[in-house]
Number of protein chains: 2
Amino acid sequence: MNYLKKLVMGLICLIFGLSAYAQQHPSIMLTKDNIGALRKGISTYPLLGKSYKKIKSEADKAIKEPVNVPVPKDAGGGATHEQHKKNYLNILNCGIAYQMSGDKKYAAYVEALLLKYASEYQKWPLHPKRKEGHQGGRIFWQSLNDFVWQVYTIQGYDLVYEAIAPAQRQQIEKGLFVPAVKFFTEDCAETFNKIHNHATWAVAAVGMTGYVINKPEYVEMALKGTAKDGKAGYLAQIDQLFSPDGYYTEGPYYQRYALLPFLIFAKTINNYQPALKIFQYRKQLLAKAIETSLQLTYTDGTFFPFNDAVKGKTYESAELVYGVDIAYADIKSQPELLDIVQKQGQVIISDAGLKIAADVAAGKTKPFVYKTLLITDGATGKDGGIGILRAGTNEDQQAVLIKATSQGMGHGHFDRLNLLYDDNNVEVFPDYGSARFINIESKKGGDYLPENKSWAKQTIAHNTLTVDETSNFKGNADRAQQTAAEILYFKDDQDLKVISAAENNAYPGVKMTRTTALLKVEELQKSLMIDVFRVDADKAHQYDLPFWYKGHLTDSSLQLKSFADQLKTLGTQYGYQHIWLNAEQAVPEQTGYLTLLNNKRFYTVNFAAQSPVNLKLLTLGAHDPDQNLLESKAFMLSSTGSKTQTFFTVTETHGSTNTVDETTSGSSSSVSDLKIITAGPEQISVSFKVKGKLYHYQINFKNKENFIKVN
Amino acid sequence: MNYLKKLVMGLICLIFGLSAYAQQHPSIMLTKDNIGALRKGISTYPLLGKSYKKIKSEADKAIKEPVNVPVPKDAGGGATHEQHKKNYLNILNCGIAYQMSGDKKYAAYVEALLLKYASEYQKWPLHPKRKEGHQGGRIFWQSLNDFVWQVYTIQGYDLVYEAIAPAQRQQIEKGLFVPAVKFFTEDCAETFNKIHNHATWAVAAVGMTGYVINKPEYVEMALKGTAKDGKAGYLAQIDQLFSPDGYYTEGPYYQRYALLPFLIFAKTINNYQPALKIFQYRKQLLAKAIETSLQLTYTDGTFFPFNDAVKGKTYESAELVYGVDIAYADIKSQPELLDIVQKQGQVIISDAGLKIAADVAAGKTKPFVYKTLLITDGATGKDGGIGILRAGTNEDQQAVLIKATSQGMGHGHFDRLNLLYDDNNVEVFPDYGSARFINIESKKGGDYLPENKSWAKQTIAHNTLTVDETSNFKGNADRAQQTAAEILYFKDDQDLKVISAAENNAYPGVKMTRTTALLKVEELQKSLMIDVFRVDADKAHQYDLPFWYKGHLTDSSLQLKSFADQLKTLGTQYGYQHIWLNAEQAVPEQTGYLTLLNNKRFYTVNFAAQSPVNLKLLTLGAHDPDQNLLESKAFMLSSTGSKTQTFFTVTETHGSTNTVDETTSGSSSSVSDLKIITAGPEQISVSFKVKGKLYHYQINFKNKENFIKVN
């Protein structure tokens, strides 16, 4: 019996041994014994004071409004949806304001709202506008939102518990919480017992409710699934949803979202049953997951937007405020986390927030350290991973990301060996993210748009190879879920950072490797990005390698002649139908360059190919009747008729423009003479010049000791 | 004899009366008597200290480099161009560093550079890459850059004058300055004697050189032209290039550029010949011009980019730093200017900078007041004008600009009655500006691109009416220069700001009026933009009114069906050849709306037309072989077959989205039921509803007392 199993069994015994919990309120993010210190902290520590001011102002706004509990009717972004969202936030904010001010008006407002819900909830049928492919809720269009609602509401209830008379408490618990839990664990049992982020919200909602209203059975279901056998529930989710590196397989956007219920439920468990040592579970997995979430951001705080991501989401989001606060206060007090807290500009009004605000005020902050690292995917860490290569400071950083993971479940994209490049606080080679206008009702109720499937998920939407105008696994998610990419090599030296990965299942009979490096050469200030994409097949194929880019083309070695009076689509399916072909031409001697100007800096992509290639310029927007697609553009290396192909690019980051001073420097690339010397499955040898100095760059796939040789 | 003429005559007499000037060095931005105080100020006042630190660091960088005076060879942005630019900046920076530190190494560097120029200058022929349509320089591709070079260099020379031995001074003056002035006043006489911004640089260069090296004749030519008759030269330029409101007819981008030589020469004149009272000339015209330049920026500091403007230029540019410093220190010490200084974050190391830094440190700053105002064009203020309507604070301001001026000479666009709308610190309905990648050599040497003429100048590139797919004045600048638009009405009330203008010459037999208002109604937080474009002709025409917009379409009353597999151009000439037509459809009942999401805020354009219209969606990019055009998109109301047409739009600014918190509010418009009740040449009466409340809006063209009636 290994360590993990022993721990699980021990936990189960502990749970069975308890019939009821010590009842003291509040007992989740704020605990009764700490209220005095927190009240004092608000006037002592600026960060805590500022954070509370915001909560109190929201609470003051809330109590001025009449109690409004509409019959659920609208989809995401619609009026009833937004009102119920507002209500749970008001419940939590007023709960905090009550505890901090002692003013009963806040508690009275929460009580009135909850009594109204208690008198209405059981009358509501399943939501009339159920979200396609998702289990419906009662308050919201999908059950997920109902779970979230409960996670917030139960905290608010815990905060005002002692201000509500027993009779009214009974009314609320009987009319609202008990039937809600029944709905979650019976009607929604299938979701509840999944190993999936929706289920995490479900178990957190039920478990936290169990602790607060003293129903041990709820807690047991939450921890072990409705069958109470440990095959589902919270602990099984921690075991299976995260890799040993704390990576959540759906990607950073959902990792962030999934984390909140994990953490807040952990915090609740820890307060009620500290003996369970939940924060130590699976080698402090939750702390690792928070650290990994932060490492999955660029220096501007945005999450790398691969898979179904809403772009512009940053670590300032509520989930990471909770996450970082809990990680610092309850798991490991790393002073680098305080840097993130200061950028978040707020703390949760909580025991954790108090500790953090005090430590920030005491000057304990150290700069957050962004690392070059490999983050493995899969419960055992064997399903490939994400390689992130970084160079430069937190103020001006080059960051290259290679995605070589598993599919990432329903929110995964068909983007094996995708490459992203951020620099100078903006995207250079971006990921499209998801096709979605979240919360904008006129855009399909804020849900994923049809173009999410027809465009955003398709391989051609990404900076990776599409074979024969067909997506990885022919766009079949179930097949994609069966296998993962493979990490061949990872290295983090001072001047050379490398990730190499292989994908041999995405296309039958086609073997692909991508080896990407950030190489610092003495001739240049910024690191070069060296990317070698090798493909080997049993027969000839069309190979398309696009670079979706931001900025504007300012120079090229080729005379690019764009089509003047007419545009046609690049293809007919797998996303190609959404692309306008703007220009196409053969590349003489298979080598050339393009220069982009983006955010006042130049990027020259020097490229060479082993077999003949065409260069194509692309823009997005065809077959888009509802204007759902965002402006996007790419240049693409495209070859036909070869079995094997090697795409070799050296991207130089150089120079600057200043529109205020009207000055320009370093607008030409210093890189030249790209050559592919040999390229086979065991070894690739290329060369290039930097300011005339010759560099040889060799990849030895079979030799881990000497995988990359630069001289 | 009017006041102005008397003053000019007086000035001329004064000049004649002088044969040489009091010779003391330095005597321009820094004066000898003030050096001690300035040195002290650098350590006393943070703003001055910070500004000097930057200069000194540049100077320190400069003196480490070898003297490099290459034979002129490259176009704008090229290596020799950039080196000579760098040299004049180094000369000035080292001059300042010498005066502030007393360290002779800086003076020695300037001396070495100037001696090198003195030994080379006369060998250089006209620049080999002369800029098309412009007079060539010797150091640079156009004489303009040579003038600028001299304006900077002569200041540097003045600063190190006393550190250079007389023999070397003679070498420099004889080998460089005297032949340069000869080149400017003889070879470039035509430019020198123009009433044009190039000539302002020329006269400043020559006049300042005259004062510094004690050549009264130079000063005389500078003030009165080479013929010394006052028909050309500095005073004639002040008289003719600015309107009484201090508006420079080429527009803000060139106003900014033109101002620097005006000011720095004025400052020089004032130091050497204070009796001329040059800052008082033409009712403090120069101070007015600076104030007007600032009013021609949006709250983010960028100049409104109409005419040939490089976008992204702000009042942080050197010209406005000089301008604001001189305006405050030498003309009128308005504490609001200190707000701009603080945003600029620097002062000129100068007598003016010292005064400003002291006053900032003393807390005299008041917030800059952005005004709703009419700025007239033309030397007598009769050539139409710019109407700017503003609502909101400096942090979140709505700004509408209507351009109803003269052509604005060679840099003017064919955009009579153009409309720009900025809000929330971004452009909503932008101006394309110029088609130019300034200083980027791969883009035609950084010069105006062919698309500047074929696209950026054309009427269809602007948010105004194009008749029969033909630009204003058929794109003939000379014809356009003959007449100007006419301002019909301007009003600045608390809740209603209006500009109304007419243009009757741009198309034969076609009369156009545009009446645009910002109206605050009690139902809404933000002002509504109400725009009524009326056109009347003697026969039927095609009328196209585009709104080039930023952001993304999120909603529309029409089912917009974009073309799926093929795009064609909108037309064949006058800019239409550059436009892809993405969608087209008839507008039922001639009314509808479109909603845009831009920078997390919604904009709904509710529209109605008097005669049948089609709605077209457009993107830019056709006939663009070299990828010179920037992404741009528009929706356009288009009608054919009517003599008269009225386009009535109510643009509501509403709601918000937050991608971090994933919240959306106010995404639907509160405006509805647009109706055109009557529309004739004397009166237009329209109505609309806001949250169900009916508003009548009437324009009475013949009644200035009651021009706009809202009820």
Side-chain angles (χ1 to χ4, degrees), chain A residues 77 82 85-86 301 310-314 316-318 437-443 446 552-556 559-569 572 577 580 582-583 595 597 600 602 617 619 621-628 630-631 633 657-665 667-668, chain B residues 77 82 85-86 89 301 310-314 316-318 437-443 446 552-556 559-569 572 577 580 582-583 595 597 600 602 617 619 621-627 630-631 633 657-665 667-668:
Chain A
E82 292 298 321
K85 256 174 90 173
K86 203 163 132 185
V310 169
K311 295 183 83 162
K313 197 83 180 176
T314 71
E316 293 160 298
S317 71
F437 289 83
I438 198 160
N439 291 324
I440 296 181
E441 220 194 344
S442 54
K443 289 291 192 189
H552 197 92
L553 273 179
T554 58
D555 197 11
S556 175
Q559 270 286 91
L560 297 164
K561 288 278 174 207
S562 299
F563 298 119
D565 341 81
Q566 197 178 320
L567 291 187
K568 293 192 171 169
T569 60
T572 58
Q577 74 278 19
W580 299 116
N582 292 95
T595 301
L597 174 63
K600 303 176 185 173
F602 296 94
L617 296 183
T619 49
H623 286 94
D624 180 22
D626 300 322
Q627 286 80 43
N628 285 341
L630 301 174
E631 284 102 333
K633 51 193 175 175
T657 67
N658 181 324
T659 53
V660 173
D661 297 344
E662 296 193 357
T663 52
T664 295
S665 67
S667 62
S668 317
Chain B
E82 292 299 322
K85 257 174 92 173
K86 204 164 131 184
L89 291 170
V310 169
K311 296 183 84 163
K313 196 86 182 173
T314 70
E316 293 161 296
S317 71
F437 289 84
I438 196 161
N439 290 325
I440 296 180
E441 220 194 346
S442 53
K443 290 291 192 189
H552 197 92
L553 273 179
T554 58
D555 197 10
S556 175
Q559 271 287 92
L560 298 164
K561 289 277 175 209
S562 300
F563 299 119
D565 338 82
Q566 196 179 319
L567 291 187
K568 293 191 170 168
T569 59
T572 58
Q577 74 278 20
W580 298 115
N582 290 283
T595 301
L597 174 63
K600 302 175 184 175
F602 296 95
L617 296 184
T619 49
H623 286 94
D624 180 23
D626 301 321
Q627 287 79 45
L630 300 173
E631 284 102 331
K633 51 194 176 175
T657 68
N658 181 323
T659 53
V660 174
D661 298 344
E662 296 194 358
T663 52
T664 295
S665 68
S667 62
S668 316

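So you know, we letter chains A, B, ... as the sequences are listed, proteins then strands, and number each from 1.
With chain A as the partner, the residue from B:Thr569, B:Ile438, B:Leu560 showing the most heavy-atom pairs under 4.5 Å is B:Leu560. Here A:Lys443 is the residue among A:Lys443, A:Lys568, A:Lys561 with the most heavy-atom pairs under 4.5 Å with chain B. Comparing B:Leu567, B:Val310, B:Leu597 by heavy-atom pairs within less than 4.5 Å of chain A, the highest count is held by B:Leu567.
No donor-acceptor contact under 3.5 angstrom links the side chains of A:Thr664 and B:Glu82, judged on distance only. Side-chain atoms of B:Glu441 and A:Ser667 include no donor-acceptor pair closer than 3.5 Å.
Proximity to chain A is limited to the backbone of B:Lys311, based on heavy atoms less than 4.5 angstrom apart. Using a 4.5 Å cut-off between heavy atoms, A:Thr657 contacts chain B through its side chain alone, with no backbone atom that close. Proximity to chain A involves both the backbone and the side chain of B:Thr554, based on heavy atoms less than 4.5 angstrom apart. Using a 4.5 Å cut-off between heavy atoms, A:Ala622 touches chain B through backbone and side chain atoms alike. Looking at B:Glu662, the atoms closer than 4.5 Å to chain A (heavy atoms on both sides) sit in the backbone and in the side chain alike. Residue contact with chain A, scored on non-hydrogen atoms closer than 4.5 Å, involves the backbone of B:Asp624 exclusively. Heavy atoms of A:Asn658 lying under 4.5 Å from chain B are absent altogether. Of the atoms belonging to B:Phe602, it is side-chain heavy atoms, and not backbone ones, that fall under 4.5 Å from chain A.
Separation of atoms CH2 (A:Trp580) and OG1 (B:Thr619) is listed at 9.0 Å; rounding is to 0.5 Å.
B:Glu316 pairs by the salt bridge (charged side-chain N to carboxylate O under 4.0 Å, His left out) definition with nothing, not counting sequence neighbours. In this structure, the ring pair (Phe, Tyr, Trp, His ring centres under 6.0 Å) partners of A:His552, at least two apart in sequence or on a different chain, are B:Phe437.
With A:Lys313 contributing its side chain and B:Val660 its backbone, the two residues share a donor-acceptor pair below 3.5 Å.
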